[in-house]
Amino acid sequence: MLYITLKEDEQLYIGDNIVLSFYRHQDPLLKRCRMPCDTQQVKLAIDAPQSVKVLRSEIIGRS
């Protein structure tokens with residue numbers, strides 16, 4: 001298992017064609033008012049070819 005610490009808006013590249021992007025989740029209203037974000041939640045964007053399966057653990061029955 002590999003643990004990586006990234007800053008907001010940084011990306012992680014896997015191979016030649018998979019990119020993971022991490023964004024801090026912020027309520028749109030707070031963002032519009034330029035209020036600081038204090039949540040620990042992040043959003044993960046996965047850019048991969050259609051031939052690569054991306055499944056959440058609860059979908060395949062593992063945790």
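This one's a predicted model, so the numbers in the text were calculated from it and none came from an experiment. Only heavy atoms go into these numbers, but all of them, side chains included; no hydrogens, no water, no symmetry mates.
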*To the nearest 0.5 angstrom, please state how far the CD1 atom of Ile18 sits from the CD1 atom of Ile46.*
9.0 Å
*ILVMFWY clustering at 4.5 Å (side-chain atoms), partners of Val19*: Tyr13
*asked:* Can you list everything that forms a side-chain contact (heavy atoms from CB on, under 4.5 Å) with Leu6? Sequence neighbours excluded, please.
replied: Ile4, Glu10, Leu12, Phe22
*When rounded to the nearest 0.5 angstrom, what distance separates NZ in Lys53 from CD1 in Ile59?*
12.0 Å
*Flag yes if Leu2 and Val52 sit in one hydrophobic cluster, no otherwise; membership is Ile, Leu, Val, Met, Phe, Trp, Tyr, and two members link when side-chain heavy atoms are under 4.5 Å apart.*
yes
